[in-house]
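As the structure is a computational prediction, the values presented were derived from the model and not from experiment. Chain naming here is simple, since letters A, B, ... match the order of the sequence lines and numbering starts at 1 in each.
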Amino acid sequence: MSQNWEGVVKKESEGKYVIPREFRDDMRVPGVVFASHKLLPSVLRDNALEQVVNVATLPGIIQSSIALPDIHYGYGFPIGGVAATSLRDGVISPGGVGFDINCGVRLLRTNLERGDVAGKAGELAAVLFSVIPCGVGSKGDIRPGEKNIKRVLEEGVGWAVKNGYGWREDIEFCEENGCMEGAEAGELSKRAVERGLPQLGTLGSGNHFIEVQYVEEVFDNEAARVFGLSAGQVVVMIHSGSRGLGAQVCQDSISMMRGAAGKYGFELPDRQLSCAPVDSPEGKKYFAAMAAAANYAWANRQCLMHLVRQAFERVFGTGAERLGMSLVYDVAHNIAKLEVHEVDGKRERVCVHRKGATRALPAGHPLVPKRYAGVGQPVLVPGDMGRASYVMRGMEAAMRESFGSVCHGAGRLLSRTAAKQQFNSRQVMDDLEERGIKIQAANRKVMVEEAPGAYKDVSLVVDSCERAGLAERVAKLRPMAVVKG
Amino acid sequence: MYEIIEHTADIGILVEGGELEEFFADAALGMFAIICDSVPEGEAVSHDIILESEDMEGLLVAWLSELLFLFESDGFVPREFRFAELESRVLEAACTGAKTHLPISGTEIKAVTHHLLKVEDTAEGWRAKIYFDL
């Protein structure tokens with residue numbers, strides 16, 4: 001933990017630093033760090049760069065081992081990192097996705113204004129808290145049962161909509177249309193399925209949340225108009241993932257791959273990078289199970305959105321359609337995708353691992369919903385609960401520089417233990433009160449651990465992405481009511 | 001004996017001291033000290049656990065993961081352990097504790113990781129740092 005990274009990273013251009021391939025013998029590609037000059041010290045701090053270097057040793061890794069501005073130390077792979085590998089001779093690694101497969105964010109609109117909601121924020125927080133199961137060990141009321149869980153895993157959002165949890169038009173505005181191809185329910189262990197059965201439509205705990213927000217500032221009028229956002233408008237952000245099911249799939253896959261390094265002759269600097277060739281039986285099994293877990297998470301966020309719509313209906317006494325509560329977009333930030341990218345001047349399908357990183361496609365990209373074609377894919381960047389969240393749009397440079405990826409959120413600055421030493425829940429609550437933010441948390445402790453000061457300033461993270469040309473800010477959102485598990 | 005340790009994104013425990021059985025028991029108690037904010041109450045229940053793994057680290061992770069699963073599915077919070085068998089690759093234990101009513105006030109652990117995991121047999125007893133994904 002004693003490496004001085006300051007001397008190692010070399011500035012290549014605005015907001016971009018490089019760790020040369022020669023830095024360590026076993027690196028196959030250089031490391032690339034996207035961060036503004038202001039944010040760089042926090043990037044250098046917690047030894048996340050050692051993990052970026054370790055990832056650069058992976059067999060078949062292409063172009064570079066990428067660190068986004070919200071990078072921090074994780075398990076094996078850092079959080080806030082991207083690694084693309086060749087399908088021919090590259091690997092796929094569960095650690096490059098994370099335990100919470102398809103942890104992600106979605107944003108829905110309303111036609112309410114800040115003034116309509118301000119007086120009811122406390123009530124909204126309370127109703128949301130009562131209808132959305134959250135907290136440690138919480139179970140949900142939406143039960144597909146053993147008969148239908150396979151459909152959830154193989155149809156994702158489609159299953160939810162078919163069963164009355166949402167609208168047909170939600171599907172188009174979800175990454176992958178809320179269902180990844182290649183998902184196979186049969187690749188999940190019995191235990192993973194067991195864990196998933198009672199957890200659909202649950203929030204989870206930790207840094208997951210539901211926030212009622214308002215658009216404080218619009219940076220790009222045309223893009224905001226296309227995204228259906230305007231200053232003062234009330235929106236709702238949902239941050240959750242695949243719950244126990246995804247964690248179990250990751251765990252099972254890590255076990256399955258433990259012997260693979262030896263079997264395929266890999267030498268890995270860290271056991272938690274355990275991986276197998278994308279094209280191997282182990283690699284294919286993992287991908288199929290991961291895709292199923294990803295679909296579960298999309299179904300979960302869809303169900304959560306359904307419950308949010310119901311909560312609003314209760315408080316405002318009118319239907320969610322009338323309230324204009326349509327989906328802006330849903331993004332995954334822990335996932336591995338098979339995507340077409342340009343590599344050495346040729347278009348090639350590669351395996352892109354994003355762990356704490358969000359896909360960001362530019363205007364005109366075929367996977368961007370038609371309505372947004374002229375603007376690009378919305379990128380949702382949640383901050384911490386006291387400060388802001390952002391909506392961005394993907395830019396062309398991201399395709400060249402980061403396999404179409406940007407940051408996922410604020411990124412932690414302090415460990416939970418350090419946060420507990422620095423903050424107390426009364427302080428945090430008072431601070432939020434002062435800003436007029438109503439909060440309902442299943443556990444007071446979470447407020448300290450998730451205190452704004454425990455996170456990097458998301459504005460700096462977003463600014464770094466913009467400086468590097470990866471994405472541009474469209475709007476800034478501020479919390480009005482927060483629900484935390 | 002266990003002690004909670006730092007990690008930027010998550011949390012860990014340092015477990016040390018004692019014989020193997022005490023070590024495995026303390027690891028479990030340490031994990032549940034993170035999960036539960038206060039001593040949980042509930043009907044007294046017991047669960048039998050039988051596991052095997054390729055090595056000690058794998059066994060420890062499997063042990064804690066099994067307890068995590070029993071907590072998530074049944075609200076089980078263990079308090080006492082009786083090991084019928086405990087060696088480097090095999091574990092057989094009877095665990096007694098409380099069946100709590102979920103959800104509870106605490107910290108959700110998503111998974112037990114292998115991060116920096118090395119189980120050592122030192123002069124002062126068994127020792128390991130175990131990190132959890134939150």
### Task
Against chain B, label A/Cys134 side chain, backbone, both or neither, depending on which of its atoms sit under 4.5 Å from a heavy atom there.
backbone
### Query
Does A/Lys420 NZ have over 12 foreign heavy atoms under 6.0 Å away?
yes
## Note on the structure
With chain B, the option among A/Glu194, A/Arg243, A/Arg195 that has the most non-hydrogen atom pairs under 4.5 Å is A/Arg195
### Query
Between A/His208 and A/His239, what is the ring plane arrangement, given parallel below 30°, perpendicular above 60°, and tilted in between?
perpendicular
### Query
Got a sec, which residues hit ring-ring contact (aromatic ring centres under 6.0 Å, His included) with B/Phe76, two or more places apart in sequence or on another chain?
B/His47
### Task
Determine the interplanar angle of the B/Phe23 and B/Trp126 rings, folded into 0 to 90°, and report it as parallel if under 30°, tilted if 30 to 60°, perpendicular if over 60°.
tilted
#### Entry: Salt bridge B/Glu66-A/Arg191, side-chain N to carboxylate O under 4.0 Å
yes
### Message
Heavy-atom cut-off 4.5 Å, strictly under: side chain, backbone, both or neither for B/Ser105 against chain A?
### Response
both
### Message
Strictly by salt bridge (Lys or Arg N to Asp or Glu O under 4.0 Å), give each pair with a member in residues 74-97 of chain B just once, sequence neighbours left out.
### Response
B/Asp74-B/Lys99
## Note on the structure
Whatever's closer than 4.5 Å to a heavy atom in chain A on B/Leu117 counts as neither
### Message
Less than 4.5 Å to any heavy atom of chain B: does that hold for the side chain of A/Gln199, its backbone, both, or neither?
### Response
side chain
### Query
Is the gap between the ring centers of A/Tyr455 and A/His72 under 6.0 Å?
no
### Query
Can you say whether B/Phe71 sits under 4.5 Å from chain A via the side chain, the backbone, both, or neither, judging by heavy atoms?
side chain
### Message
Which atoms of A/Ala418 are under 4.5 Å from chain B, going by heavy atoms: the side chain, the backbone, both sets, or neither?
### Response
both
### Among the listed options B/Ile109, B/Asp37, B/Thr113, B/Leu102, the residue most often paired with chain A at heavy-atom distances under 4.5 Å
B/Thr113
### Query
Using non-hydrogen atoms only, which part of B/Val61 is less than 4.5 Å away from chain A: side chain, backbone, both, or neither?
neither
